[in-house]
**Q** 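The structure is given below, and queries will be raised subsequently.
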Amino acid sequence: MTLPMIFALAITIFMIILVMIDKLPFGAPPLLACLLLVIFNVVDIKTAFGGFSNSTIVMLASFMAIIAALQKTSFITAFKKAMYNMANKGGFMAFVMIILIVMLGCSLFGTGSTAYYVLTIGLLSTLPYNKKLPPSKIVMTAGFAANHPLIPLNTALQYGIVIAVMESAGVLANISMVKFAVVNFFLSMGFLLNCLIQYKLLPDHPIAAASEDSIAAANEEGSSLPKWKEYVTYIVFVAAVAGMILQSSIGDAGYAIPGLSVAVLLVIGVMDFNEIRDAICAPIILVSAGVIGIADALGSTGLTNLVGETVAGMLGSNINPFILVFVFCILTSVLATMTGSTIGTVYVFAPLAIATCTSLGMDPTAAAVAIVISGWCGHFLPIDGMPAMVMGVGKYNLKEFWKFTIPQYFIRLLALTAGAVLMFPM
């Protein structure tokens with residue numbers, strides 16, 4: 001390993017330790033890590049703090065302000081009432097229903113949709129504390145459920161990447177879309193299984209400052225906006241979501257539309273400037289922007305390629321196909337989370353796995369399918385958008401976070417590997 005690799009890895013570990021001991025405010029450790037990357041000459045200051053000009057962060061910050069505006073509408077009031085009523089009728093059944101509803105919504109938006117998970121977690125953050133179903137049990141599970149489609153039909157992006165990496169490795173790709181969807185279903189069922197197992201182990205605490213009368217207040221409060229301002233808020237919200245969904249088609253304008261939507265809310269008086277400032281400078285934004293510089297540093301030092309080549313060499317020629325696929329899924333998902341470059345990491349490890357399978361006389365389809373999907377399956381480290389937002393909004397400490405996410409990580413990858421090997425025998 002080169003000196004920059006060692007420094008980058010050590011600083012990342014130091015940041016995780018700071019998050020773990022919970023001695024600094026939630027948004028501070030990534031910012032400190034970025035400064036250390038510059039001090040130790042791992043990257044320049046522009047790269048270290050590049051996350052603050054990252055298009056996704058600009059969009060996320062804007063959307064946080066829109067979510068804050070939505071909380072003034074009768075829609076959120078009705079949402080709070082419906083969620084509380086559901087929880088009041090029966091904790092475990094309501095818990096399962098909420099997860100299934102979120103997973104069903106993910107079927108429409110697709111895996112990895114930033115718009116959908118920000119919307120979901122933002123809405124769940126409005127729940128008042130209820131002993132029968134504490135919001136801390138819901139945010140952790142339903143937040144991650146926004147990445148697991150119940151009916152995995154909208155998987156065109158991942159399917160296209162599988163075809164691309166197979167063809168780039170010189171392998172003729174003829175993959176059934178139905179079988180590919182079934183593999184995703186295995187993954188979703190692994191996630192759901194972990195939620196059911198851990199229901200009673202999930203933390204029980206409020207996720208926002210609330211009085212003992214907060215539940216009653218949630219049922220009694222109404223919208224604080226005139227009807228016309230409510231309607232405008234809904235319109236700009238829909239426009240912001242549409243912009244994020246269509247970003248791949250309309251380019252950077254998709255990231256700018258949420259910001260323009262916030263400007264509309266400011267002009268018509270739905271939010272004042274101080275409210276907008278507080279929303280876009282929330283700790284979750286600082287964390288998300290900070291870890292991008294860290295991810296770029298880990299990737300630019302060549303650590304991903306080094307680890308991939310080393311592991312591929314260590315596996316040898318006499319290995320069980322299931323273990324082979326499982327190991328590469330772990331490697332891909334871990335480094336995709338740490339580098340922040342899911343597709344880039346997939347394009348590094350999928351060809352390595354395909355070449356390994358081919359040299360061993362195995363059909364590489366299962367490996368390619370599982371590795372591509374695994375790129376979106378890290379989430380046990382709060383250094384990516386979704387896990388960072390889950391941890392911040394849910395007010396979990398790292399011990400609580402890992403107690404759920406580490407078992408989730410391995411259960412999902414085992415289910416993913418099993419599904420891939422069953423659907424595409426090696």
**Q** Can you spot which of Phe191, Phe380, Phe404 makes a ring pair (Phe, Tyr, Trp, His ring centres under 6.0 Å) with Tyr409?
**A**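 When ring pair (Phe, Tyr, Trp, His ring centres under 6.0 Å) is applied between Tyr409 and each of Phe191, Phe380, Phe404, only Phe380 qualifies.
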
**Q** Which is it for Leu416 and Phe326 under the side chain to side chain contact (heavy atoms under 4.5 Å, CB included) test, yes or no, and what are the steps along the way?
**A** CA-CA 9 Å; Leu416 172 61; Phe326 184 64; over 6 Å; no

**Q** Quick one: pull up SG in Cys195 and NE2 in His148 and give me the separation to the nearest 0.5 Å.
**A**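 Cys195 SG to His148 NE2: 8.5 Å, rounded to 0.5 Å.
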
**Q** Between the side chain of Asn184 and the main-chain N/O of Pro149, is any donor-acceptor distance below 3.5 Å?
**A**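 No, because the side chain of Asn184 does not come within donor-acceptor range (under 3.5 Å) of the backbone of Pro149.
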
**Q** Looking at every non-hydrogen atom in both residues, tell me the closest pair between Val182 and Met423 and how far apart they are.
**A**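 Answer, listing the atom of Val182 first, then Met423: CG1-SD, 3.6 Å.
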
**Q** Residues in side-chain hydrogen bond (donor to acceptor under 3.5 Å, both in side chains) with Thr405, at least two apart?
**A**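 With sequence neighbours excluded, Thr405 shows a side-chain hydrogen bond (donor to acceptor under 3.5 Å, both in side chains) to no residue whatsoever.
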
**Q** Quick check for you: to the nearest 0.5 Å, what is the distance between Leu192 atom CG and Ile411 atom CD1?
**A**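 Between Leu192 CG and Ile411 CD1, I get 11.0 Å after rounding to 0.5 Å.
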
**Q** Quick check: closest heavy atoms across Ala366 and Phe424, and the distance to 0.1 Å?
**A**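 That closest heavy-atom pairing would be CB-O, 3.2 Å.
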
**Q** Do Lys227 and Ser74 have side chains that approach each other closer than 4.5 Å (heavy atoms only, starting at C-beta)?
**A**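 Yes. Closest side-chain heavy atoms under 4.5 Å.
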
**Q** Show the numbers, then the answer: is there a side chain to side chain contact (heavy atoms under 4.5 Å, CB included) between Asn41 and Phe7?
**A** CA-CA 9 Å; Asn41 203 33; Phe7 283 146; over 6 Å; no

**Q** Can you list the residues that meet the side-chain hydrogen bond (donor to acceptor under 3.5 Å, both in side chains) rule with Asp204, with sequence neighbours excluded?
**A**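 side-chain hydrogen bond (donor to acceptor under 3.5 Å, both in side chains) list for Asp204, sorted by chain: Tyr129, Lys131.
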
**Q** Taking everything shown except Phe185 itself, do over 12 heavy atoms lie less than 6.0 Å from its CZ?
**A**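 No, because the 6.0 Å sphere around CZ of Phe185 holds 12 heavy atoms or fewer from other groups.
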
**Q** As an exercise, state the distance from CD1 of Ile99 to CE of Met140, rounded to the nearest 0.5 Å.
**A**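 Going from the CD1 atom of Ile99 to the CE atom of Met140 covers 12.0 Å.
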
**Q** Hey, what do you get for CD1 (Ile276) to OG (Ser62), rounding to the nearest 0.5 Å?
**A**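 Reported to 0.5 Å precision, the distance equals 9.5 Å.
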
**Q** Quick one: pull up CG in Asp278 and CE in Met271 and give me the separation to the nearest 0.5 Å.
**A**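 Reported to 0.5 Å precision, the distance equals 8.5 Å.
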
**Q** Ignoring hydrogens, what is the shortest heavy-atom contact between Gly394 and His205? Give both atom names and the distance.
**A**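 Minimum heavy-atom separation between Gly394 and His205: O-CE1, 2.9 Å.
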
**Q** Side chains of Pro387 and Phe401, heavy atoms from C-beta outward: is any pair under 4.5 Å?
**A**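 Yes, close enough: below the 4.5 Å cut-off.
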
**Q** Taking it one step at a time, do Leu31 and Phe52 satisfy side chain to side chain contact (heavy atoms under 4.5 Å, CB included)?
**A** CA-CA 11 Å; Leu31 300 182; Phe52 288 91; 3.5 Å; yes

**Q** Taking Lys72 for the side chain and Val270 for the main chain, is one N or O donor matched with an acceptor at less than 3.5 Å?
**A**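 Answer holds: yes.
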
**Q** Kindly indicate, with the supporting measurements, whether the criterion side chain to side chain contact (heavy atoms under 4.5 Å, CB included) is fulfilled by Val325 and Cys329.
**A** CA-CA 6 Å; Val325 175; Cys329 285; 4.1 Å; yes

**Q** Looking at residues at least two apart in the chain, or sitting in another chain, which of them share a side-chain hydrogen bond (donor to acceptor under 3.5 Å, both in side chains) with Thr365?
**A**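 For Thr365 the side-chain hydrogen bond (donor to acceptor under 3.5 Å, both in side chains) partners, ignoring immediate neighbours, are Asp363.
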
**Q** Which pairs, with at least one residue in residues 135-144 and sequence neighbours excluded, count as a side chain to side chain donor-acceptor pair (under 3.5 Å)?
**A**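 For residues 135-144: none.
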
**Q** With a cut-off of 6.0 Å (strictly less than), are more than 12 heavy atoms of other residues, nucleotides or ligands near NZ of Lys403?
**A**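 12 or below, so no.
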
**Q** I'd like to check the side-chain hydrogen bond (donor to acceptor under 3.5 Å, both in side chains) partners of Glu400; sequence neighbours left out, ordered by chain and number.
**A**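 Testing Glu400 for side-chain hydrogen bond (donor to acceptor under 3.5 Å, both in side chains), a comparison that skips the adjacent residues, returns none.
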
**Q** Roughly how far, to the nearest 0.5 Å, is the CG atom of Leu414 from the CZ atom of Phe186?
**A**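 So the gap between those two atoms works out to 12.5 Å.
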
**Q** Which heavy atom of Ala279 sits nearest to which heavy atom of Ala65, and what is that distance?
**A**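 In terms of heavy atoms, the two residues are closest at CB-CA, 3.6 Å.
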
**Q** Under 3.5 Å, sequence neighbours excluded: what are the donor-acceptor pairs made by side chains of residues 258-267?
**A**
| from | atom 1 | to | atom 2 | distance (Å) |
| --- | --- | --- | --- | --- |
| Ser261 | OG | Val236 | O | 3.3 |
| Ser261 | OG | Ile257 | O | 2.9 |

**Q** Does the side chain of Leu150 come within less than 4.5 Å of Met189's, by heavy atoms?
**A**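 Side-chain contact under 4.5 Å: yes.
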
